[in-house]
Each structure stands twice: as structure tokens, then as C-alpha cells.
Amino acid sequence: MKVLKKVGGFFSFQKRMLEEHPIIYFAIFSIFENWLIESLSRHSFIQGFVHMFTSPVVFFYNALIIMLTISFSLLFRRRVFGLILLALPWLVCGIVNCVLLTFRVTPLAAVDFQIVKISMILIYLTKWQRILLYSAVGLLLIALIALWIISPKIKGKMHYGRKVASIAGVGVAVAVMTFVAQTFFSVGENFGYIVGAYDDYGFVYCFTSSVIDTGIDEPEEYDAKQTAEILEPFPETVNTASMVKPDIVLIQLESFVDAKTIKGMTFSDDPAPVHTYLREKYSTGLLEVPSFGGGTANTEFEVLSGINLDCFGLGEYPYKTILLKQACETMAFNLKESGYSAHAIHNHTGDFYDRDKVYPRMGFDSFQSIEYMYDYETTSYGWCKDKVLTGEIMTALTYTDEEHGVTEDTPRFVWTVSVQGHGAYPTEPIEGENHVISIKSENFTEEELCSLEYYINQAWEMDMFLGNLISVLETREKPTLLIAYGDHLPAIGLEDSDLTTENAYITEYVTWNNFGLEKQDRDLRTYELSAEIMSWLGFNNGNITKLHQYVSQEDAPLSEEEYQAMIEYLAYDMLYGENYQFDGNKPYKKQDMRMGTLPVVIEDIKVVDGALYIQGKGFTTKSDVFIDGEKVSSTMLSQYSLMVPNAKLKDGAEITVGQTDSKRNVLGYSNMVTYDESKHLTENK
């Protein structure tokens, strides 16, 4: 009873303060909550105070944004409940950000809530962590319901006009403070370096910006005349009809870095011998990537499109925004203008980062995701090993499809995204895990060394995959160019000071070819890589490609600021604007992309003792049988055979096979076969 009385007294005090002095209460509450959020962000309560006193304008500006949020509790009759309900999302975001920053460098942004899926929770969290998470969510809901029940009500007339006026007053204060902070205290509107922005400008302001600031802003001078002036110095598109058109294989290696770039580390053997060899013999260079510890899709976006991610909103993933509805200039589209066919491969789920929806808008003719792969191995954490990609790449390079114009002579562009190096990484040895490479270092803790050794051995296997692929490519007579690079460093707590590059946003690219390309070493940014590859071959299709190639000339009369402004201008015009650069037309259109490099095919069906047997090609564990559009229970017998026990079929029933993704959505269907009892029913005698 005493506890209940104390709780009741506490709520009564809160109610009285919120009723008599709400603005003062909101201000104090907001300052406390912002200090707590900043402390969580910095993993230190002391650093939260340091931030408050070293950046007071920024700190109190962030607190004012929180104050605006919770001021809407004035409209609640149960005001204590309203206050907690409105303050809770900020606290939850602060906690999530704190957790995220333990295994990646990039802080929480609004887009993270678009990306997260149940399947990711199953992959990243252990069984007990999932139980803890679900329990916490359940307890939170119960607590909110209980709070609603016991929270005291404000009696009498509410005077909503006054309440709305008070909220509006706080809103005006936020607007004025935004102007003051951005004008006089250098609180940025653009965030080239997200990690630094969150530290300098505060979590609340930056996260809010990530919610409301998406896409690319219209340039100040934007019209057909300005567009023509930008394009004027670019050369005409080269006629490639008589040029050598090698097959191009471009591979993005998940979290890959040559471990020899980690300071103070000794190895039992070279952890990346293939990279060592390629670095000596063929074109190579450092590669500045847009993310660290995550953000795979953004690195691949920059490489394929040539567009700097900084053009977009804070923490934005174009794969989750504009590219879900708008096609874009890419290396695939540019090469297709020269007669190439374009194929994407990824040994993970097709719906990850919505690639199944985005790739058609990036010019790809087919997409081979893991749902279409058969007989692959996985790591201890369930990620598909990259060695399966050798066969998948060779299939994309050699198959023919006369119906769609893919002949033996058709040059191929094969875009491949690997997944083996993906985190998480263990902090203690995994039973039965045998490592080829052992490591030693005095710069890391035992737990960190355990994670590093696991990761380095995964990277060694990825390096071996690259070597095996090259061995197969060397048996071909057809000219071939291979480029491979790491999308970002792994999330193992590495910092700038741990690396020989002194920069955690640096990986590298290596190349191989069999037709005598000159070795040309050059350090690049990811959005410059595709234009550089095109220049090696003498191609210059695409305005953004031409811009990068123009700037790469030694005598190009453009400053870095002008260069970046031009990238942003052309990207805006193409993705959001009037397409002045294309005379108002949209040359890049969504492709009729096929899921699977080769189609899943039903060749024959038969019914024996009530069971339906389906013979064909391309069946995997993700193959489901559909009868008249309804999924039925089936068993995979082999990649050539499926069985439906106790199938209840009528003459004319339509049978198809669909490949399903992690959410049980169908990525693509096979051909349809109509059941004919006189033809397909077999009686055992």
C-alpha cells in the first residue's frame, strides 16, 4: 500500500506541475532527456555533460526540439501519460542509437527503420537476445496500458485554444532557433560526414533532419540554359561499334579489406594472397567509400550510378527512396547502349535493400539472388559463402537466350554483390571452426582478436574465391575484365589509428584482364569507379560518366566545389527535375528484368498414386508449387524435381513454380503447365 501511495503521490505531483507550470516543466524535462540521449550516443554520462557545456547553443537547441514534441501533451487530459508517450520515442531512438554504435560507426537515421526486417533480427540476434527483445517490447506495452489506467486526469475545461497557442509558441521558438543556429553557430544543413555531424550538431537535430530531409534539393540556378552550359564541354558519345567489348565482371566484396592494412598485426600466412598478386600485376588503387561497418547498398549505388551520396538527405538510402520509383543512369544502362547485356548476382535474398525492385530501374536484364541458387555452403552465422558465385558468374557469362537477343557473341556486364564477410563476428571461439590464418597482436583485446581472426579467415576464403574465379576465366578466349573491391570495412571496432591508410573509409580495388590493358594505378572515390572503368575501354556513354572523365583530365578547369555541384545538378535533373539534359525525355526506363539468370522451367508433370511430380530445371529450396494460384505443400527432391503429396487436381488445373523470398513473397514464376488427366495421370499396377 505504501508503494502505491508513493506512486500515486508522484503522479499527482507531476500532474500539478504540468497543470500549473507546463512550459517550465517541459523545459527541464527536455534538457534532462537530451542530456541522457547525448550520453547514450557518446557511451558516457560524463561526455553528455561535456557536450552540454562545450556546445551550449547546440545542446539547448536540441532540447528545444524535444520540448516541441512533448508540448503536444497539453492536448491530453491524462497529461502525465501524454508526456511519457511523446517523450518515449526519443528515448527509444537514443537507446537504439547507443546499441547500434557498439557494432557500427554510422549513427541511427530514419532510414534504418525502413531497412530493418524480422529476417535481420533473426540473423543478428541470438535466441536469448530475441527473447529479451520481445519481452522488453511486451513489458513496454503493458507498462503503457498500466500508465494509461493509473495516470491522473485533468478535470474541468481544457481551454484547447490556449494549449494550441502554447504549442505554436514553442514551434516559433524552434523556427527562430533553427535560423540562429544555422546562421551564426554553423549548425549544418548538409552532412558530408554523418558521424561528425551527429557529434557536432546533436542526435535530435540530425535524426530529425534525416526524417524530413530526403532527396536532392533543386539547384539555385536550374533551367535548360544552365543545363546546356554544364554539358557543353563534354565530348560526343563515342561510337563503340568497332571497338573491343570485353565481358566485364564487377564484384563488390562484402566488408572486405586486406588485413595487412591493420597495424601491429602478424599473420601465419598472407591473409589475401590473390589481392597481393593482382595489386602487383594489374591496375589498382585505394577506394574511398561512403560508409563504415554497414551501408552496403549505398556503396553499390555510388559505384553503379556515379552519383555522390552526399547529394541526398542525411543517412538516406536511394534504394529505399527515389530508386523505388525512378530509373537512373548507371553503368549497366551505359554499357547496354554499346550492345551489352546486364546481369546482377547476389548470394543473399533478392528483397534485401529491395534489390528485386531497384535493379530493374538500374538497367539489369536478370537478377540471380540466393533463392535461385542451389547447393551452397554457409558460414557459422548463416551467410552464404562466396565460392558459389564462381559458377553463377560463369553461367551469366556463357548462357544464351536467342529470344531476348543474348547470343554467344553478346558482351556481358555481370554485377556481383557478395555476402560472406558480413557481420556479426564472434567474441569467443566457435566450436568446430577451423582457421587457416592465425593472428597475433598486442593492440587488441582477446575478444577483439577472436572477432578479427574469424573475420580474416572469412576474408581469406573470399580472396580464394576471387582466385578460383580468375583461374576459370583464364581458360576462356573471350576478352574479359574483372574488377573487385571492398564495400566498407567490417564492424569490428577498427579506428583510423588502427589502419595503415589512417582512414576507416578507405578500402581498395583490384583488377584482372586477359587482353593486355595497361596498368594504371589511381586512387578513386566510389562514385568515380565506373567512369574510370569505362575510360580504360574507351567508352563514355552517359552524362555523369562524361563529367567524371572530364574532371579526371589533368587540365580540367573545375574546382572540387564546382565538380560536386555539377554531379548534384545532373542527378537532380535526372531523378527529380525536368530532364533538361535529355531534352525533356526520360531515356532510362524500368527494365523487364527476369529473376534468375536462367528461367525456372517446368518440363513435365505426372501424378502417381495421388502425388504430383514436377520435372524441370532450376528448382531450389525456395521453390513453391502453386495450383490455380494457390500455394500447396511441396517437397524438393532435387534441383530437377518437386513433389506435391496428396495433390487434388482437376482437369485444366494450372500449375506453376514460384521462387519465394524471406517474406514468402513470390519473386518470379516458372512457365505454367495445364494438368490433363488423360496425359499426366499414371496408375501404378
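All residue numbers in this chain count up from 1 along the given sequence. Worth knowing before you read on, the calculation uses all heavy atoms, side chains too, and leaves out hydrogens, waters and symmetry mates.
- Judged purely by atom type and a 3.5 angstrom limit, Asn62 uses its side chain to pair as donor or acceptor with the backbone of Val58.
- Using a 4.5 Å heavy-atom cutoff, the side chains of Ile167 and Leu75 are in contact.
- Contact record, Ser39 with Gly48: OG-CA, 3.4 Å, taken as the closest heavy-atom pair.
- Using a distance-only test at 3.5 Å, with no hydrogens or angles considered, a donor-acceptor pair links the side chain of Asp496 to the main chain of Ala504.
- Looking at Tyr455, its side chain does come within 3.5 Å of a backbone N or O of Ser255 through a donor-acceptor pair.
- The two residues Ser73 and Gly82 have their closest heavy-atom pair at CB-C, 3.6 Å.
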Stepwise side chain to side chain contact (heavy atoms under 4.5 Å, CB included) check, Thr208 with Trp90: CA-CA 10 Å; Thr208 302; Trp90 283 120; 3.3 Å; yes
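- Checked by atom type, the side-chain pair Asp351/Thr349 shows a donor-acceptor distance below 3.5 Å.
- A salt bridge links Lys263 and Glu502; the closest N-O separation between the charged side-chain nitrogens and carboxylate oxygens is under 4.0 Å.
- Remark: side-chain polar atoms of Thr507 are paired, donor with acceptor, to backbone N or O of Gly486 under 3.5 angstrom.
- Tyr425 contributes atom OH, which lies 13.0 Å from atom OG of Ser380 (distance to the nearest 0.5 angstrom).
- Contact of the Phe207 side chain with the Cys93 side chain is registered, since non-hydrogen atoms from C-beta on lie closer than 4.5 Å.
- When only modelled atom types and interatomic distance are considered, Thr427 and Glu447 share no side-chain donor-acceptor pair under 3.5 Å.
- By the 4.0 Å N-to-carboxylate-O rule, Arg355 lies close enough to Glu300 to be salt-bridged with it.
- Remark: the backbone N or O of Ala565 is not paired with any side-chain donor or acceptor of Glu568 at under 3.5 angstrom.
- For the residue pair His346 and Val417, the shortest heavy atom distance occurs at ND1-O, 2.8 Å.
- Thr296 and Asp487 are linked by a side-chain donor-acceptor pair at a separation below 3.5 angstrom, with hydrogens and angles left out of the test.
- Without hydrogens or angle criteria, Asp523 side chain to Leu286 main chain gives a donor-acceptor distance under 3.5 Å.
- Counting only N and O atoms by type, the side chains of Thr178 and Tyr61 include a donor and acceptor under 3.5 Å apart.
- Donor-acceptor pairing under 3.5 Å is lacking for the side chains of Trp383 and Thr378.
- Shown are Leu449, Ile262, Leu452, Ile456; of these, the side chain to side chain contact (heavy atoms under 4.5 Å, CB included) with Ile492 is made only by Leu452.
- In this structure, the side chain of Ser441 does not engage the main chain of Met265 through any donor-acceptor pair within 3.5 Å.
- Screening residues 42-56 for salt bridge (charged side-chain N to carboxylate O under 4.0 Å, His left out) gives Glu38-Arg42 as the qualifying pairs, with residues at least two apart or on separate chains.
- Looking at Phe60, Phe49, Phe53, Phe203 one by one, the single match for ring pair (Phe, Tyr, Trp, His ring centres under 6.0 Å) with Trp35 turns out to be Phe49.
- In terms of heavy-atom proximity, Gly215 sits nearest to Glu316 at N-OE1, 2.7 Å.
- Summarising the geometry, atom CG belonging to Leu309 is positioned 7.0 Å from atom CZ belonging to Phe301; distances are rounded to the nearest 0.5 Å.
- For His275 and Phe256, the ring centers sit closer than 6.0 Å to each other.
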Evaluation steps, side chain to side chain donor-acceptor pair (under 3.5 Å), between Glu433 and Tyr454: CA-CA 9 Å; Glu433 185 88 27; Tyr454 173 87; 5.3 Å; no
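- Smallest separation of non-hydrogen atoms from Asp258 and Pro271: OD1-CG, 4.1 Å.
- For the pair Phe312 and Ile216, the minimum side-chain heavy-atom distance is below 4.5 Å.
- Remark: side-chain polar atoms of Asn457 are paired, donor with acceptor, to backbone N or O of Ile437 under 3.5 angstrom.
- Considering CZ of Phe76 and CZ of Phe81, their distance stands at 7.0 Å, rounded to 0.5 Å.
- There is no side-chain donor-acceptor pair under 3.5 Å between Glu254 and Gln420.
- Under 3.5 Å, the side chains of Glu508 and Tyr485 contain no donor-acceptor pair of N or O atoms.
- The number of heavy atoms from other shown groups lying within 6.0 Å of CD1 (Ile46) does not exceed 12.
- At distances below 3.5 Å, at least one donor-acceptor pair connects side-chain atoms of Glu453 with backbone N or O atoms of Ile439.
- The side-chain heavy atoms of Gln47 and His51, taken from C-beta on, include no pair separated by under 4.5 Å.
- A donor-acceptor pair is defined here as one N or O able to donate and one able to accept, closer than 3.5 Å; no such pair exists between the side chain of Thr299 and the backbone of Val289.
- Interatomic distance, CG of Leu68 versus OG of Ser30, reported as 9.5 Å (0.5 Å rounding).
- Atom CZ of Phe45 sits in a sparse spot, with 12 or fewer heavy atoms from other residues, nucleotides or ligands closer than 6.0 Å.
- For Asn347 and Asp386, the side-chain atoms include at least one donor-acceptor pair closer than 3.5 Å.
- In this structure, Leu489 and Phe292 approach most closely via the heavy-atom pair CB-CE1, 3.2 Å.
- Between Tyr205 and Phe59, the ring centre distance reaches or exceeds 6.0 Å.
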